[in-house]
Amino acid sequence: MEHTFGSDHVSSGTINKHAVLTVKPLRCLAPIFPSAPDPSAPPSSQYASIPPTGPFPPGATPFFPFFAVNDSHKPAHPRPPYPIPSPVPLNSFKTPVSASGNGDIGTSRRSSRNRTVVDDDDGNSQSESYDNSFERNVETGNEVDGKIHVTRRKRKKKSGVPVSNTEVSIDSLVNDMLRTFNYVESDSVHQARNDKELADRVLIFFNLLRRKITQIDDKIKALPGAARRPDLRAGSVCMSYNVRANQDKRIGSVPGVDIGDIFFFRFELCLVGLHAPSMAGIDYLSSKFSADEEPLAVSIVSSGGYEDEGDDGDVLIYSGQGGVQRKDKQQMDQQLVRGNLALERSLHKANEVRVIRGLKDFASPTGKVYVYDGLYKIHESWIEKGKSGCNIFKYKLVRIAGQPEVFTLWKSVQLWKDGTTTRPGVILPDLTSGAESLPVCLVNDLDGEKGPAYFTYTSNLKYAKPFPSTKSSVLNCDCCTSGCQSGSNCPCVQRNEGQIPYTSLGVLLGHNSLIHECSNMCICPINCRNRISQAGLKMRLEVFKTKDRGWGLRSWDPIRSGSFICEYAGVVISENRTDSDDNYIFDATRTFEPLEPRPSDEPVKFPYPLIISARNEGNVARFMNHSCSPNVYWQPVIRENQDESYFHVGFFAIKHIPPMQELTFNYGMVLADKGGVRRKKCLCGSSKCKGVFY
DNA sequence: GGTTCTTCATGGTC
DNA sequence: CGACCATGAAGAAC
């Protein structure tokens, strides 16, 4: 991506804060504090004709704007034009299809080669007579049938293990997801337009599957004490069905993975080809595949398991592996074998080594976030005595110059959050003036502009007319005083087809048609798991001046894919009152590209009209710019009222978003026959850019 | 080719 | 909250 990781910060010394703070428009940003909508006013006739029954009326696509993966009902769209193999009941995801058959869902193409990409003598990465792209791989497999060995993945089969309900559920889930994602032939995942898109798709699939498996585990209580590892199971499925990228090990950078990209599971590193071992910290080319018959290190994960030192952003002291008896935890001398040997050889070969740093994820106290920190070279190695008195190998890695800042940026953000240092370029420390649960600062470290045009900050969505029937004194749910649970009889949960649409971390389970949240009509507390989008901002955001697209929005915190970011606040306006000069419009009547490849790749429409103007009053969402390859999408959420014409627009992360990367969503397309909407030139810079937006 | 072995993970429980 | 622990899966090594 084009973000520059703060390298262009104007130093704080160049900013006259006093002058900035006296700028009039911004001093007038008086917040309007959240207030309940007026229930006494008459209902809006604009939406009154829409039947409140069912998630969607007949004929409306339930897949807006994306698909819905739901194991509780079958997809409602007609059969796609291409042949879909009948779902093969997988015995278990652990033993995916051992039977023969062409085109079965279980068929996984996996060539038996184990080519590697190695450095030549000049230090340039070159392919060993083999192009790493999967499309090429598939081509070759088709053209020279037999040369590229097409095999099914064989897994160890545990004998005598009964197939549990959980596994049955997961099997059908996997089948559904593979179909929905059009991954029936595993190769179709690789129809991505570029490396980045491929890596993104792999991660999206993995995370959707992982969250769904978590949900099934929650529902079907597994044996107590049994460690449930949705990450490993989802990862294993991805491996089996070849939903992965950059399978061939290589030295140097990995296509589709940018420096600064973040990951939340070790398996994600594995699936995008950044670091193959599922647990081990050192990845290396085995001696068989390296030029000198010596192993060479390709990547390391520094995650806090050993006594590493990495305080300096450009130097990392990394400990070798081994020396710990895993059963009795006894310490012993480390040996110069495996990863340690590979690092030693890489020191002499002076090849680039990818470094992934495992940092504490402050957003979730239990969690860890892995940050790809770019390429390093090993400068020294030595042996020292560890705390236990045993020998430990140490390696000094130095970051190659000229790469975008990552670790130093993370450290800066931490200091800003602590209040230890001030964010350079701050114009206003909190443009919401306290209307949000967290401050949102306004920053310009590019030029002299002092802020956006005047507007009133509100965190609410205002309907032109209040809710209709206000016999809503009837409680929505009065069952869950400690928060609602999936699978319960809670009416709010039932409206979501029996499942709370969020994980325990508050991450959206999948792309739903419509989310029914609990509300202040319910007895459950505000921290109920079914009230994610009304609990306010959870991450530190900033509004900043972009290079060429006015003001934009980005986050100081890393964002997990599926996380709620904010809703679109403003004033609901009617369709015929839209003003072509209004640049702060959210328009649900436009057509939207599906997030994922679907049988028909046509844009889809949301079945209800909703247009919000945030020109005069709005929240942070009004600063989100358009992009043709966005990292945020929107999702209708119903809360106070069960009438589906009164929904909120919730924004969720499509993928993991590193700190300080601009948040963007797709504004949608306007049909050609509709006048009055100005086209604007799109500057998103994406390879999929359509050139214009509305 | 199968099997063993190793491994800076996880999520739960205490 | 930290220590502990059972369960894991990929891939190198044998």
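Each chain gets a letter, A, B and so on, in the order the sequences are listed, and its residues count up from 1. Basis for what follows: all heavy atoms, side chains included, without hydrogens, waters or symmetry-related copies. On a predicted model such as this, the values are computed, not experimentally measured, just so you know.
Take A:H656 and apply the ring-ring contact (aromatic ring centres under 6.0 Å, His included) test, not counting sequence neighbours, and it matches A:F264. With sequence neighbours left out, A:F652 forms a ring-ring contact (aromatic ring centres under 6.0 Å, His included) with A:F564. For the salt bridge (Lys or Arg N to Asp or Glu O under 4.0 Å) test, residues two or more places apart in sequence or in another chain that qualify with A:K417 are A:D557. With sequence neighbours excluded, no residue forms a salt bridge (Lys or Arg N to Asp or Glu O under 4.0 Å) with A:R354. Among residues two or more places apart in sequence or in another chain, the salt bridge (Lys or Arg N to Asp or Glu O under 4.0 Å) test is passed with A:D373 by A:R357, A:R399.
Checked against B:dC8, C:dG11, C:dG8, the side chain of A:L232 finds its nearest nucleotide in C:dG8. Distance from the side chain of A:F265 is smallest to B:dT10 among B:dT10, C:dG8, C:dG11. Side-chain proximity of A:Y318 to C:dA12, C:dT7, B:dC8: nearest is B:dC8. Residue A:M279 has its side chain nearest to C:dG8 when only C:dA13, B:dC8, C:dG8 are considered. Taking the side chain of A:R338 as heavy atoms from C-beta on, and the options B:dT6, B:dA9, B:dC8, the nearest nucleotide is B:dT6. Ranking B:dA9, C:dA9, B:dT6 by closeness to the A:V301 side chain, first place goes to B:dA9.
The strand DNA chain B forms stems, runs of 3 or more Watson-Crick or G-U wobble pairs with distances below 3.5 Å, at B:2-7 with C:9-14, B:9-14 with C:2-7.
Protein atom CZ of A:R244 is 5 Å distant from nucleotide atom P of C:dG11, rounded to whole Å. Distance A:M332 CE to B:dC5 P: 14 Å, rounded to the nearest Å. In this structure, A:I282 places its CD1 atom 16 Å from C1' of B:dC5, rounding to the nearest Å. For the pair A:D361 CG and B:dG11 P, the computed distance is 12 Å after rounding to whole Å. For the pair A:L285 CG and C:dA12 P, the interatomic distance rounds to 9 Å; values are reported in whole Å. Between A:R357 atom CZ and B:dC8 atom C1' there is a gap of 14 Å when expressed in whole angstrom units. Atom NE2 in A:H275 sits roughly 18 Å away from atom P in C:dA9 (whole-Å rounding). For A:D231 and B:dG12, the CG to C1' distance is 13 Å, given to the nearest whole Å.
Between A:D261 and A:K196, at least one side-chain N (NZ, or NE/NH1/NH2) sits under 4.0 Å from a carboxylate O, which counts as a salt bridge.
Closest heavy-atom contact between A:S346 and A:I378: CB-CD1, 3.7 Å.
In this structure, A:F267 does not pack face-to-face on the six-membered ring of B:dT10, missing the 5.5 Å centre cutoff or the 30° plane limit.
The only member of A:K385, A:E384, A:Q331 that meets side chain to side chain donor-acceptor pair (under 3.5 Å) when paired with A:N391 is A:K385.
The side chain of A:K368 contributes no N or O atom lying less than 4.0 Å from OP1 or OP2 of B:dG11. Close to C:dG11, at under 4.0 Å from its OP1 or OP2, lies no side-chain N or O of A:Y284. Contact annotation: A:R229 side-chain N/O to C:dG8 OP1/OP2 distance is not under 4.0 Å. Taking only side-chain nitrogens and oxygens, A:Y395 never comes nearer than 4.0 Å to OP1 or OP2 of B:dC8.
Residue-level contact check: A:S278 touches the bases, meaning some heavy atom is under 4.0 Å from a base atom. A:G339 comes within contact range of no nucleotide atom at all, as no heavy-atom separation falls under 4.0 Å.
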